[in-house]
Amino acid sequence: MTAERTLPAAAMALTATVAVSITLVAFGNITDFGTNQEFVRHVLAMDTTFQDEDLMWRAITDPAVQDAAYVLIIAWEALAALVLLAATALWLRGLARGRHGYGPARRATTVGLVMILLLFGLGFIGIGGEWFAMWQSAKWNGLQAAARNVTLAGVLLVLIHLPSPQWHRDREA
């Protein structure tokens with residue numbers, strides 16, 4: 001592999017890693033709907049937190065609203081998976097073309113990664129972790145898993161936005 005293809009190849013490999021990961025997450029949530037349905041229900045109900053009266057008004061205990069939130073999470077995961085799978089294909093196409101063609105892959109990857117950051121950063125860490133006090137739960141706490149997803153997506157987002165001659169060639173094409 002030539003030096004000019006090293007960064008795009010790394011971006012493609014990491015994009016594929018995130019794409020497969022979120023695809024498996026969505027697939028698992030669809031095929032084993034009940035397991036994480038319970039997770040979402042407990043987090044939103046705040047029933048395993050410290051039960052502080054000053055916070056409990058935030059709890060959502062309506063099963064229909066809880067299930068709607070879970071379905072929206074799954075739909076978001078599936079859409080992010082599709083975007084990142086398409087981005088992986090665009091990276092492969094760019095690598096096959098050689099000197100040009102990374103712009104579409106970078107844009108698609110950026111969109112998919114921002115979707116991941118919104119889901120796991122804003123949704124799980126911010127809203128679930130802080131608003132619904134998920135950090136207080138010993139059993140229903142997804143903060144570590146969310147942090148892994150945010151870290152991987154964030155590192156890849158930085159990687160594909162590093163200044164590089166490979167990216168500038170796209171403007172010349």
Side-chain angles (χ1 to χ4, degrees), residues 6-45 58 60 63-97 101-135 137 140-162 164 166-167 170:
T6 304
L7 183 60
M12 186 274 308
L14 284 170
T15 301
T17 299
V18 177
V20 168
S21 176
I22 194 65
T23 298
L24 293 173
V25 167
F27 180 77
N29 284 337
I30 292 166
T31 59
D32 182 20
F33 189 86
T35 298
N36 281 330
Q37 178 187 34
E38 284 302 307
F39 173 86
V40 170
R41 284 182 173 180
H42 284 289
V43 169
L44 295 179
R58 300 175 185 178
I60 297 174
V65 175
Q66 294 170 337
D67 290 347
Y70 182 45
V71 168
L72 287 173
I73 290 168
I74 294 170
W76 191 264
E77 290 167 346
L79 183 58
L82 291 173
V83 169
L84 289 166
L85 289 168
T88 300
L90 290 169
W91 281 112
L92 288 169
R93 187 182 81 178
L95 285 165
R97 290 174 67 190
Y102 300 122
R106 289 176 72 213
R107 287 186 292 276
T109 301
T110 298
V111 169
L113 294 175
V114 169
M115 292 178 74
I116 297 294
L117 292 170
L118 287 171
L119 176 63
F120 291 104
L122 176 62
F124 282 78
I125 295 173
I127 296 171
E130 293 302 324
W131 185 257
F132 291 106
M134 182 171 54
W135 66 270
S137 178
W140 303 104
N141 187 333
L143 292 175
Q144 285 185 342
R148 284 192 305 267
N149 284 290
V150 167
T151 300
L152 184 56
V155 167
L156 178 52
L157 192 59
V158 168
L159 177 78
I160 65 169
H161 288 279
L162 286 174
S164 173
Q166 288 83 3
W167 309 154
D170 286 334

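Worth saying up front: this structure is predicted, and the values here are computed from it rather than measured.
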When you measure from the side chain of Y70 to the backbone N and O of F33, does any donor-acceptor pair fall under 3.5 Å? yes
Is the backbone of F132 close enough, under 3.5 Å, to the side chain of R58 for a donor and an acceptor to pair up by distance? no
Return each pair, listed once, that meets side-chain hydrogen bond (donor to acceptor under 3.5 Å, both in side chains) where at least one residue sits in residues 73-87; pairs must be two or more places apart or across chains.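 Of all non-adjacent pairs touching residues 73-87, those that pass side-chain hydrogen bond (donor to acceptor under 3.5 Å, both in side chains) are N29-E77.
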Provide the full list of side-chain hydrogen bond (donor to acceptor under 3.5 Å, both in side chains) pairs with a residue in residues 140-159, sequence neighbours left out, each pair given once. none
Closest non-hydrogen atom pair between [X] and [Y], with its separation:
X: I116; Y: A153; value: CG2-CB, 3.7 Å
X: W91; Y: A105; value: CD2-CB, 3.4 Å
X: M134; Y: G142; value: SD-N, 3.3 Å
X: G121; Y: V150; value: N-CG2, 3.4 Å
X: P104; Y: L90; value: O-CD1, 3.6 Å
X: F124; Y: A146; value: CB-CB, 3.7 Å

Among V83, L157, L156, which residue satisfies the side chain to side chain contact (heavy atoms under 4.5 Å, CB included) criterion with T110? L157
A side-chain contact here means heavy atoms from C-beta on lying under 4.5 Å apart; do [X] and [Y] qualify?
X: L159; Y: L7; value: yes
X: H161; Y: R106; value: yes
X: I22; Y: V25; value: yes
X: F120; Y: L152; value: no

To the nearest 0.5 Å, how far apart are [atom1] in [X] and [atom2] in [Y]?
X: F27; Y: I74; atom1: CZ; atom2: CD1; result: 12.5 Å
X: L113; Y: L14; atom1: CG; atom2: CG; result: 9.5 Å
X: L92; Y: M12; atom1: CG; atom2: CE; result: 5.0 Å
X: L85; Y: T15; atom1: CG; atom2: OG1; result: 10.5 Å
X: E130; Y: L122; atom1: CD; atom2: CG; result: 12.0 Å

What residues form a side-chain hydrogen bond (donor to acceptor under 3.5 Å, both in side chains) with S137, not counting sequence neighbours? T48
